[in-house]
Protein chains: 2
Amino acid sequence: MTNWAARLFARAIDRRVKEFGVSSGQMPVFFALGDGAALSQKALAAIASIEQPTMAATLSRMERDGMIERRPDPRDGRSQLVALTPEAMEKALKVKEAGMSVNAVALADLTEAEREQFLELLGKVITSLEKMLED
Amino acid sequence: MTNWAARLFARAIDRRVKEFGVSSGQMPVFFALGDGAALSQKALAAIASIEQPTMAATLSRMERDGMIERRPDPRDGRSQLVALTPEAMEKALKVKEAGMSVNAVALADLTEAEREQFLELLGKVITSLEKMLED
DNA sequence: TGTATATAGATAGCAAGCTATGCAAAAACG
DNA sequence: CGTTTTTGCATAGCTTGCTATCTATATACA
């Protein structure tokens, strides 16, 4: 069921941000860099809770589509700092709004108390699964 | 967060069924056909709540790995009936147990009442998202 | 009966996720 | 100071998911 819900979220988001040339996997990047910040690939992967190669692929697609720029990190020769391009910055607000609006629709049938409980229980499930996967 | 949880579920399942040569996307097929039933590809896709081409790809991999057989449907020349092979049937019970055990671990930190509530709220979220995607 | 529509699968092409592995720069340490 | 270990990223190869589109068979209807 979580898989099902996750796919529905992704489809709903994709549908709303497609007009901006954006897709659901790029949402965490927009949320992390939408204020003009420049972060390393590793930091972005950690924020999105995905593995490094997955973030690398997402950033490659975003670079291909002119949404991000990679600049060498002056403080670390291995690292690069990723930032949104000016064109992507222009879209960032609308993209973030689309994400929040899908969230709102998904939770529309829940009371405020139910929403809190849902997030809390989902958090517990995630914690349990992460603990299981640790070893 | 649902995406995160779904990925953790998939990883946990993958880890447990890998020794049988099985992966998480095949779980719904094992649950649907584990009792010896033979169903059409369309029916399997509906049960798994995935699109037909996705199920087609999963079945192709399972056929490649000797887990399923496709036989022509005597009642419909377009359709094929899919069934687990005897070798897969032997694994089916353990595979299903692995799936249920991951579920159990994921819900381990929830009380019985919380589990019910969690499933109910998740169901509401799914319903809302499906309604949004209808048009 | 013959044409039009609907349905079951197949295929192509893409995104997003994973693991495993390799390389080069940085950091730690004897 | 040189060697070893760690760390950041790239790459390869796979699965699972999607949409769009095609073919062939069934079904409906004029």
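Here the structure is a predicted model, which is why all the values come from computation and not from measurement.
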Checklist outcome for this item: Closest to the 5' end of DNA chain D, once Arg75(B) and Gln26(B) are matched to their nearest nucleotides, is Gln26(B)
Whole-Å distance between [N] [atom2] and [X] [atom1]?
X: Glu63(B); N: dT11(C); atom1: CD; atom2: P; value: 11 Å
X: Met27(A); N: dA15(C); atom1: CE; atom2: C1'; value: 15 Å
X: Lys18(B); N: dC18(C); atom1: NZ; atom2: P; value: 14 Å
X: Ile50(B); N: dT16(D); atom1: CD1; atom2: P; value: 9 Å
X: Leu39(B); N: dA8(C); atom1: CG; atom2: C1'; value: 14 Å
X: Leu44(A); N: dA10(D); atom1: CG; atom2: C1'; value: 16 Å
X: Gln80(A); N: dG8(D); atom1: CD; atom2: C1'; value: 10 Å
X: Met55(B); N: dT11(C); atom1: CE; atom2: P; value: 17 Å

Next on the checklist: Taking 4.0 Å as the cut-off, does a side-chain nitrogen or oxygen of Asn3(B) come that near to OP1 or OP2 on dG17(C)?
Outcome noted: yes
Checklist entry - So does Ser79(B) get a side-chain nitrogen or oxygen closer than 4.0 Å to the phosphate oxygens (OP1/OP2) of dG9(C)? => result yes
With a 4.0 Å cut-off on heavy atoms, is [X] in touch with a base, just the backbone sugar-phosphate, or nothing at all?
X: Thr54(A); result: base
X: Asp76(A); result: sugar-phosphate
X: Arg70(A); result: sugar-phosphate

Output the single nucleotide from [options] whose closest atom is nearest the side chain of [X].
X: Glu51(B); options: dC18(D), dT15(D), dC9(D); result: dC18(D)
X: Ala56(A); options: dA8(C), dA12(C), dA10(D); result: dA10(D)
X: Arg78(A); options: dC18(C), dA10(C), dG8(D); result: dG8(D)
X: Arg61(A); options: dA20(D), dC9(D), dA15(C); result: dA15(C)
X: Lys42(B); options: dG17(C), dC9(D), dA8(C); result: dA8(C)
X: Ser40(B); options: dC9(D), dG9(C), dA10(C); result: dG9(C)

Next on the checklist: I'd like to check Ile47(A) versus Phe31(A) (side-chain heavy atoms, cut-off strictly below 4.5 Å). Are they in contact?
Outcome noted: no
Within a 6.0 Å radius of atom [atom1] on [X], are there more than 12 heavy atoms belonging to other residues, nucleotides or ligands?
X: Lys94(B); atom1: NZ; answer: no
X: Lys96(A); atom1: NZ; answer: yes
X: Lys42(B); atom1: NZ; answer: no

Checklist outcome for this item: Of Arg11(B) and Ala43(B), the one whose closest nucleotide on DNA chain C sits nearer the 5' end is Ala43(B)
Checklist entry - Starting at the 5' end of DNA chain C, which residue's closest nucleotide do you reach first, Gly77(A) or Ser23(A)? => result Ser23(A)
Checklist entry - Taking 4.0 angstrom as the limit, do Glu51(A) and Arg11(B) come out as a salt bridge? => result yes
Next on the checklist: Between Gln41(B) and Gln80(B), do the side chains contain a donor N or O and an acceptor N or O under 3.5 Å apart?
Outcome noted: no
Next on the checklist: Is it the case that dA10(C) (base atoms only) and Gln52(B) (side chain only) share a donor and an acceptor within less than 3.5 Å, ignoring hydrogens and angles?
Outcome noted: yes
